[in-house]
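Accompanying notes for the structure given below.
Below, chains carry the letters A, B, ... as their sequence lines are ordered, and counting in each starts from 1.
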Amino acid sequence: MSGLSSQFWHSVNGRMLRAAWARPQFKVALVFLIALIALAVLLPMLSSVSATTISVRDRFAPPVLWEGGTASHLFGTDQLGRDLLLRSLIGLRNALVIGVVSVFGMFVLGALIGIISGYRGGIVDTVLMRITDAQMSIPVIILAITILGVSRPTPFSVILVLILAGWPTYARVIRSVTLTESRKEFVRAAKIIGAGPLRIMFRHIAPNILPPVAFIAVLDVARMMIFEAIFGFIGIGIQPPVPTFGNILADGTKYLINAWWITVVPGLFLFAALISLNLIGSALESARNDVLGGRNQ
Amino acid sequence: MAFVLTFLLRRLSQGIVIVLLVGFVIFSLLRIVPGDPVRIMVGPMATEEQVEQIAEELGLRDPLPVQFGRYLSDLARGDLGNSFIKATSGASVAGGRDDGSAARAQVLDLIVAAIPFSALLAGLGVLLALIFSIPLGIAAGLYPNGWIGRATFAISSVFVSLPNIWLGILLILIISVQLGWLPAIGYKGVAYAVLPAIVLAVELSAVIVRALASSVAATMQENFVQAGIVRGLTMRHMITHHVLRNSAIPMLNLFGAQLGGLLLGSLFVVEYIFNYPGLGLLTVNAVFQRDFPVIQGVAILTTAVLVLINILVDLISAGIDRRLQY
Amino acid sequence: MTPNAALANGDKAPVLSVNGLNVDARLATGDVSVLCDISIDVAKGEILGVIGESGSGLTVLSRAIMNWLPSPLQATKGEVNFRGSNLLKVSAAEMRRLRGKEIAYIGSDSSTALNPTVPIGKHLVSKLRSVLPQYSEQQARQRIMELFDAVRIPSPRARFNEFPFQFSGGMMQRVMIVDALCTDPALLVADNITQPLDVTVAEQIVRLLRDLRDDFGTSVVFSSASLPVAAEISERLLVLQNGRVLEETTPQDIVSSPKTDYTKTLTARVPRIWSVDHTPPRSVVMKPILSVRNATKAYFTKDPKTYFGKQTVEAVRGVSFDVLEGENLGIVGESGCGKSTLSRLLSWVEQPDTGDIFFDGKSISKMSNRELKALRSQFQLILQDPYTCLPGHKTVGEIISEPLRIHRIGSVSKQRDRVREVMQEVGLPAGSDLNLPYQLSASQRQRVNIARAMVLNPRLLILDETLSSLDQVEQARLLDLFEDLQKRHKYTYIFISHDLALVRRACSRVLVMYLGRVVEMAENEKLFFDPQHPYSRALLSAMPTLEKNRFDAEECLLEGEPPSPVNIQPGCSFRTRCPHAMEICGKIDPTPETHGLSHVECHLVHEREMVQELDRQSMRRHDP
């Protein structure tokens, strides 16, 4: 009961994680998501064909359980005979990386701005918050269209757009957390023992900003994955031949009547990943309420 | 009343600054990108001199702030400029020989023509979402641990995890292609708006239901609800007169901060999927055609609308809860 | 009307009669008894006081009478008879009919009892009309207005349309009294209603409730955690401990002849002001360690009534005093008097708008950041809430050593030794340096706070309500600790507190604050036995005490609450509640008449002194 691990488990973050773990939906979704990720990482490595291998002989093969399906392509193939399972898994991998990296980016940017804004107050706060307001008033899609639509989109620019669109939420939430935290007695206590503003902001306040935003971050990974798919779908995402959910679905719509599986299969994989992320996120949300609701541990 | 006036004055002036700021950013972004829009306009056959001449005429060679200033003064007169591509007739004139701008459609006209379609779709979507979510959200908020609360949680989890593009395609596949119940592509009557509206509604409901349920549940936990019962009021009275009233505030804020952007975003995507002739389709096509004046016009307009919605929402919330005026 | 008079009226049957009531908490691990075999009778027009410490079952009893027990609590045995019918057995519909109409309830937390988004008047009208449908909207309004007058809410017509958050705690409690009494109920359950209030406001509410009982003839069950308050208002007293009635007595007998040991300790623990001698340490060197000169602090908030206006909240308005090396200075006042702002100024967490604070004669505002940091080791502040002022994820050792690390004092091993040393001094068990705050009790956490403040060897300790959240026993223990530390380290203390009894016990000199000003500063004995300022007298008269109060509240304490610190009018700020207000008080702000270490801001005193001075002068003239 001593040392680092105990210290972590009794911090707000540790307590929130324990509270989330106590919920069955959290455990099930987490295990499921990890399995999905493992599959997405391992299967393309082990498979003999790649996601971009074209095989005209195998084109439009339906999933194995349907008539004409083959065991070599469990989930069927697309119009160029590429394996849909592999393409979906690679798409999932790309979407997850983009989702996680962009959410991390917006969290870091938002936290920096939020903590400074909330702790400093005054004119710094006003200016930063007006910028946040302005940024929040631009719909993501408009931002994406103006930035990605006019130049050739790369994974980097997609992530950049998402970060740009997403950071204000974090800045706002973290600012208000900082405001409440900095009015708390322990901050006053820290000032009185001579702690400087940097020490207070990043040693005393920063450890407490996670619980209110952790669930937003997890839910946002899911949201960003949807955006990534949308961008791909309307042609402003990562460009083919790199498989993304967006461009697979966009391809699929052309063959909707004859080969429904080209759109349905990748969508199912995306949906599976999203629902597990959303379940984890809402478990964290209730865990936050448990932890921050009652003070008595 | 003093509050309303100062509030409007303050927020509107802030709003104008925000819209200008956003306008300028978008304006600049569209100018600094590689690829000369004039080349797209006149087609690959035109000579270098022709390109330069048209560019001069359109003022595209002036410094950025000058161009933006001109754009603003036009904007003040209700002129959003002319489309690079679309002719007044609606046909694409890109690469055509006529180089006069007279034949090119006014951006404002294009937008005005598209708005009724988008408004119909958005209105229908919001209506469906509200019809579905309000009763369900309240019921789930009142009985968060009952079967209705659990079912609502499950439904909203599924809804929020359905990517709109996929859902749109599935609906076309099942309802339109397989069952033939509703038309899907284009617009030839209100029936064409139903499927895309369902996609919108699913997306909105996921958020509304969850937020409403949690805000009703949170209000039910407030001390004054139980205190009201002991003061001699009925539970029914407390719910209808107090709980619902107070739960409305987070809902309104949700509409301002989140749903405006969400609705707009999915409107664009859904219109594109269903080839529905609204603002979204106009814009997405403009992206493909590098029709910058259209993109710019839509961007500024939508930002302004979102800013206005937010101001309105905050005003109404402050009317319901007077503490917000302090 | 006394209970005997009520009985003489022929109303012999008790209004409320609880017989052998048992309440259990039905937990998964088994039933736990919360109330056991409670029997009470309350006659018509009688006020029954119920006292007990937290955990004694006070609130559970009040709620059981309302048949309003939250799960997992359940009445398992006994009856709660109201006019002969057992409330625990009546139908839900009948209970609904009785609640609010025949039996009314007021809780301690009145600030959250009404929906904050609905105006006060609307709450009361809708309650009255829902309970008594024969009232028309107009009649209901009329009735509520009349009662607002009766409970002395100023300008009732305007306040009717205001919102709950615009009411102070005391006003809100008056509103809840109107809410309870508007239907003319037979029984009122008042559950600890004075608990969150300041002493003068609480005194006013108690007085009001007694008057209303006389007018309405309502029976009252008045539960309170404060023995003196309950003793003041009640005709009979019930002592509750661990869910059992320990003894039934009267306010007179509980002091003179307590029957049980528990009641004896309970009465003994109520602090005495006048009948006990206190000799807190005085300054020997008479040299100021900290000097405050004309400090002011104002905050700006948005004014909702004007277009671009700002409101100025004047929290501290020109305060000057010296703290002498080695003394214990007390700063007392009620909520809103500016003492917490002053505490922030004293600890230099915020800076005064004008004026300055000097430490050892050096101006703090002129110090460089480095000097200020060095100064931080000289004076320390210990805060009220032992829960929130410790970072929850750090170990006790890390918390106590943080000041050393910030000030880069000593090597890691030296720091560790110093932490051990301090921990031992404040009485923290050895080895608890690896514990996390949640593993400690409230008083141990407070000791961690003290250790953290001490580790830098400061000379001045500011205690901002440090002992307020602890019970009397713990308070006494920590006071002993402070005394002990003072002897060893020659500390100077500033006690900032709302608790007059604590200040009486611990401080050699006392400052009384009212609306941002120090209205009186005097030696302990002088202030408590011969206060000069009318507010000091009012404050003392409102003290809940078991002794005979030297000051009569009826005489010293007028109706009304402290004015808002927004847009303070010129003149003496206490004049609105002062029994001696004169014409000059409304015009001219009394300036402090400083006599070295004591002063009074009051025209009355100045006048008296002027007369005395004139007398002296004329006497001197007549003297050869």
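Top candidate by heavy-atom pairs under 4.5 Å with chain A, chosen from B:Val177, B:Leu264, B:Val269, is B:Val269. Counting heavy-atom pairs closer than 4.5 Å to chain B, the top-ranked of the candidates A:Ser282, A:Ala222, A:Ser276 is A:Ser282. Ranked by heavy-atom pairs shorter than 4.5 Å toward chain B, the options A:Leu279, A:Leu268, A:Val140 are led by A:Leu268.
At a 4.5 Å heavy-atom cutoff, the contact between A:Ile236 and chain B is made by side-chain atoms alone. Proximity to chain B (any heavy atom under 4.5 Å) is shown, for A:Ala229, by both the backbone and the side chain. Both the backbone and the side chain of A:Ile230 have a heavy atom closer than 4.5 Å to some heavy atom of chain B. When heavy atoms are compared at a cutoff of 4.5 Å, A:Gln25 approaches chain B solely by way of its side chain, counted from C-beta outward. At a 4.5 Å heavy-atom cutoff, the contact between A:Asn278 and chain B is made by side-chain atoms alone. Contact annotation for A:Ile226: only side-chain heavy atoms (C-beta onward) come within less than 4.5 Å of a heavy atom of chain B. Contact annotation for B:Ile295: only side-chain heavy atoms (C-beta onward) come within less than 4.5 Å of a heavy atom of chain A. In this structure, chain A has a heavy atom under 4.5 Å from the side chain of B:Gln14, while its backbone stays farther away. The contact between B:Val160 and chain A is made by backbone and side chain atoms together, counting heavy-atom distances below 4.5 Å. Residue A:Val264 touches chain B through both its backbone and its side chain, counting heavy-atom pairs closer than 4.5 Å.
Residue-level contacts of residues 299-309 of chain B with chain A, in order of numbering, are B:Ala299, B:Thr302, B:Thr303, B:Leu306, B:Val307; threshold 4.5 Å between heavy atoms.
Atom OH of B:Tyr143 sits in a sparse spot, with 12 or fewer heavy atoms from other residues, nucleotides or ligands closer than 6.0 Å.
Identified under the ring pair (Phe, Tyr, Trp, His ring centres under 6.0 Å) test for residues 149-186 of chain B, with sequence neighbours left out: B:Phe132-B:Phe159.
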